[in-house]
Amino acid sequence: MALKKVKGNFERIFDKNLTDLVRGIRNNKDNEAKYIAQCIEEIKLELRQDNMNVKCNAVAKLTYIQMIGYDISWAGFNIIEVMSSSRFTCKRIGYLAASQSFHADSELLMLMTNMIRKDLNSQNQYDAGVALSGLSCFISADLSRDLANDIMTLMSSTKPYLRMKAVLMMYKVFLRYPEALRPAFPKLKEKLENPDPGVQSAAVNVICELARKNPKNYLSLAPIFFKLMTTSSNNWMLIKIIKLFGALTPLEPRLGKKLIEPLTNLIHSTSAMSLLYECINTVIAVLISISSGMPNHSASIQLCVQKLRILIEDSDQNLKYLGLLAMSKILKTHPKSVQTHKDLILACLDDKDESIRLRSLDLLYGMVSKKNLMEIVKRLLGHMERAEGSNYRDELLFKVIEICSQSSYAHVTNFEWYLTVLTELIQLEAGTKHGCLIAAQLLDVAIRVPTVRQFAVTEMINLLDCFSISSQSNSMYEVLYAAAFIIGEFSGESEADGYRSIDILLRQMEVPGHIKSVFIQNAVKLFARLSTACLEKEDDRGLVRLCNNILPKLQDFASSEDIEVQERANSAAILVDLLQTQFNDTILNSNHTSNDILGDIEISDPLKENQQKSKFPQIAIEIIQEIALLFDGELLPVAPKAQRKVPIPEGLDLDEWINPPPEDEEKDSESSESDHDKEQLFVKENSHSNEFKRRKSEELPPEEIAKRKEARRLEQMHNPHYIKATENHNSTNKSEYTNVDNIPIAELALDIPIEIQTARRSDDYLLSQQSRSSKLETKPKHKKTKKSKKSKHRIEYHSSESEDEPKPIHIVNTTLDLPEGAEITDNDDSDGKFDPDDPHRALNIELEIPSTTDDKNLNGKVKNHVSKVIEENILSLNNEDSKKSSSKSKEKKKKSKDKHREKEHKSKKSKSEDKSRPTELDLLGISPPKSSKTDVEKDSSTKHKKSKKEKHHRKEKTKASEYEEALGISTPSKEML
């Protein structure tokens, strides 16, 4: 036996350990996969040996291989075998491998229950500790249910090391097995007052994580947490406690008033930036919840803003980001306090970190006013020109539009400036993904601001004329959709603009099909408007010229690849052709009638005279009128939620089949016929093959072909992105400059340096606004009569708010189109949706509600004693408060009898409510509402009657406190009920 052991140790000298494996992988970077495959074969041989040390070494190497990304699921049984070793060094390696390779759904976990229980109950604390650490990585619902009692037993261990790990492990158990939370909560509550700081900190961490889902369960622990917050010096534990108080304050506003003072002391005294950030966050949450009951909290807000400015000015990027994040929370409730630091926020836009720049953009959204909107947008446009990276540029573009359009354009005073900004965003050629957003803004402004429509039409005509096709993304094509609609819907009746607009809309451009169809539709709108104008002026020549201009361009679109473009172009071309033929017929008829008039001069008919005076035939007039009626009427903006407000007619079932569904039995029998029908969908078979002939394509005349070639050549010549063909005379010079070094270099002597004009048209509006405001400031003020000090202050405050802001030039139409009887509401969408991936959803358990009815009747006498003791404590607090109120009432004058009776009635009512619902917040020094003098006399008499009972219950008082946690008593209100 000894010889065999020596032989095994001798063979181990030549085994590869983990260091050799790592060194070998680094030396074989070119063929790493081959080397690892060879090592895995060696590891499989090592796992077959009987020596546990060899198996442990093999599992350690497998752990490293798994970290690189290779699968080791085949070695699950070997890992469990190493975990069951009696040596701690081997056990630790086994649990490490299990924590990396096993998960909650692994099938081998059922084999590990007894082994893990044995390790948890081991006398060696390190065996139990490594078992708890490994179990936290792969615990399942079955393991949580089977091992919950063993882990709860370790929470009462005499060794702080195990108590701390067991407390932390219980959180994982609660996530997998929520039913364990109710029986384990009393022990978890005990650990908050544990003398060991590690155990105490672990309990605080677990409760803070549990409070994410249902913080109301832990409102009863507020006195303990308040004591820890004021006495502990552990910053990480203080951070967790302050986070928990931030979640509890909305549930109990009186708690916030008690927290303001210690939190402000921590803000002043602490040097830890992480603790400072959490204190500021909680102060913000507290002030939001108690804003109605605590009006004088401006000092606390100013303190938080000043401390956040220190964080933002810090060189650490993480602190700067946290400062901006907390500043955005203050901005929602106290925007004026943040607006004073606008220079700091704008300076963050130049930061190298993109996340900080994005966070500062969010702050700018709430800092905008009518006075500074143009200035802020100018800064953002300058950043867009210098920005690197499409994501940040897209975010800048989105933020510019969001800032300008917030609250139905509340801060925009000049919509011509806003349309100019939108066109400049389009011309940046950023390849942005927000083309649909810009298009929606163009349409919204043109529809809702009628006074700016003519300016919008001019801008859109210039945009379509100068739009570069090849440099834009597919999303930016949607801008052409909006531009074409604005031109067709709101263009004037001037012929010059109309003819130019039609030429631009019907120009051959490489755009998607749905954009071309909109071009044709709006060109028909322009044609209808211009033809109506010609009819009113009786300009038949102008109408004929218009038809001759638009008809060949529509026919060019009839051969498009998109079926929608073909249909629209053919329909419009038929209407124009029908109108054109009427004028051709009238010209022929006029020639015949002129000959008849020369022959029969004596005949005179008034009807014929009227027809001769009218240049337009009757059918042409009717066609023009019918086309104009197609586009008559004004469009209103539709509300965002108008579609869902349309009532469903009675008797209509949207879920019912329109036609009966096809039967499955007939599919097989008709499969051959359906395939045959699909083949004949577009081509009909004919028995006489000679009769079937393909339709001949129309051959264009040579003049039309030459015309199209010339148009295509001109388009390619003016397109800067099209590569032109080289001329023949350049071929003679190719041999001269075959070598790059032989190419001559010419120096350009420029006396005047080149200057690139970067001024934008939108800056002119900003300059005009600044000049207008400067004139208002220099205007002499009118003399005022003498007034009181209060009136002076009021006038100054009003002028700073309203008179400084520029007055809007254009008015926004806020009427929205809705179905009859429908109203605009904001709460149509359900925000609280169920999240199946939330790991805390199972922890939404009401701890105050007992799990069974037996718990209500269990130890009823003890519950009565506990409730009486709590009553006595609360009554004593009420006595102290009532004494203070009585001393104050003596100093004041006596009131009338009616008011005195009303106070007595209110005091009786408040007293009954205080008895029925006491809270643990009284232990923090938060007193209930003060009572009148009659309540003091009643409280003193009840206290005198119960003084005898106090002696009787002193012995049982300690028993009651011991039973309190065992029964799951969390709040005194539970016992009172």
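Bear in mind the structure is a predicted one, so any value in this text is a computation, not a measurement.
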- Query: Run the side chain to side chain contact (heavy atoms under 4.5 Å, CB included) check on I242 and L275 step by step: do they pass?
  - Reply: CA-CA 9 Å; I242 291 169; L275 180 59; 3.7 Å; yes

- Cationic N near anionic O, under 4.0 Å, R212 to E209: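 Salt bridge: yes.
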
Please confirm whether the backbone N or O of [Y] pairs with a side-chain atom of [X], one donor and one acceptor, at under 3.5 Å?
X	Y	answer
S232	M229	no
Q66	I72	no
S201	G198	no
T153	N149	yes

Can you find a pair of side-chain heavy atoms, one from [X] and one from [Y], that are under 4.5 Å apart?
X	Y	value
L287	T333	no
L210	L188	yes
E354	N391	yes
I207	F225	yes
R163	M155	no
P197	N234	no
S328	D362	no
L331	Y365	no

Please name the pair of heavy atoms, one in [X] and one in [Y], separated by the smallest distance, quoted to 0.1 Å.
X	Y	answer
K320	D314	CE-O, 3.4 Å
K159	Q123	NZ-O, 3.3 Å
S101	I79	OG-CD1, 3.6 Å
A326	L308	CB-CD2, 3.6 Å
C304	I267	SG-CD1, 4.4 Å
L244	C208	CB-SG, 3.8 Å

Could you give the distance from [atom1] ([X]) to [atom2] ([Y]), rounded to the nearest 0.5 Å?
X	Y	atom1	atom2	value
E81	M115	CD	CE	11.0 Å
T270	N265	OG1	CG	12.0 Å
C279	Y277	SG	OH	12.0 Å
T264	L259	OG1	CG	10.5 Å
M170	L181	CE	CG	8.0 Å
L120	L135	CG	CG	7.0 Å

- Task: Anything under 30° is parallel, anything over 60° is perpendicular, the rest tilted; go ahead and classify F226 against F245.
- Result: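 Rings of F226 and F245: perpendicular, over 60°.
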
- Query: Mind checking whether F102 and F138 have parallel, tilted or perpendicular rings, split at 30° and 60°?
  - Reply: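 Plane angle over 60°, so perpendicular.
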
- Task: Determine, stepwise, if the pair L221 / I224 fulfils side chain to side chain contact (heavy atoms under 4.5 Å, CB included).
- Result: CA-CA 5 Å; L221 304 178; I224 301 174; 4.2 Å; yes

- Message: What verdict does the side chain to side chain contact (heavy atoms under 4.5 Å, CB included) test give for F185 and F174, after you've listed the backbone C-alpha separation in whole Å, the side-chain angles of each residue and the deciding distance to 0.1 Å?
- Response: CA-CA 11 Å; F185 183 71; F174 296 152; over 6 Å; no

- Start with the C-alpha distance between I139 and M169, add both sets of side-chain angles, then the distance that settles side chain to side chain contact (heavy atoms under 4.5 Å, CB included), and finish with yes or no. CA-CA 10 Å; I139 189 169; M169 184 62 211; 3.3 Å; yes

- Message: Looking at Y126, I want to see if its OH is surrounded by more than 12 non-hydrogen atoms of other residues, nucleotides or ligands under 6.0 Å.
- Response: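 No.
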
- Message: Quiz question: by atom type and distance under 3.5 Å, do the side chains of S140 and D142 form a donor-acceptor pair?
- Response: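 No donor-acceptor contact under 3.5 Å links the two side chains.
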
- Task: Only one of L358, I356, L361 passes side chain to side chain contact (heavy atoms under 4.5 Å, CB included) with L324; say which it is.
- Result: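 By the side chain to side chain contact (heavy atoms under 4.5 Å, CB included) criterion, L324 pairs with just one of L358, I356, L361: I356.
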
- Trace of the side chain to side chain donor-acceptor pair (under 3.5 Å) decision for N124 with S122: CA-CA 5 Å; N124 187 359; S122 176; 5.7 Å; no

- Query: Stepwise, does the salt bridge (charged side-chain N to carboxylate O under 4.0 Å, His left out) test hold for K91 with D119?
  - Reply: CA-CA 10 Å; K91 189 183 293 293; D119 291 336; 3.1 Å; yes

- Can you list the steps and then say if R117 with D150 is a salt bridge (charged side-chain N to carboxylate O under 4.0 Å, His left out)? CA-CA 7 Å; R117 181 182 285 115; D150 300 289; 3.1 Å; yes

- Under the side chain to side chain donor-acceptor pair (under 3.5 Å) rule, what do T282 and K243 come out as? Steps first, then yes or no, please. CA-CA 7 Å; T282 306; K243 275 186 176 180; over 6 Å; no

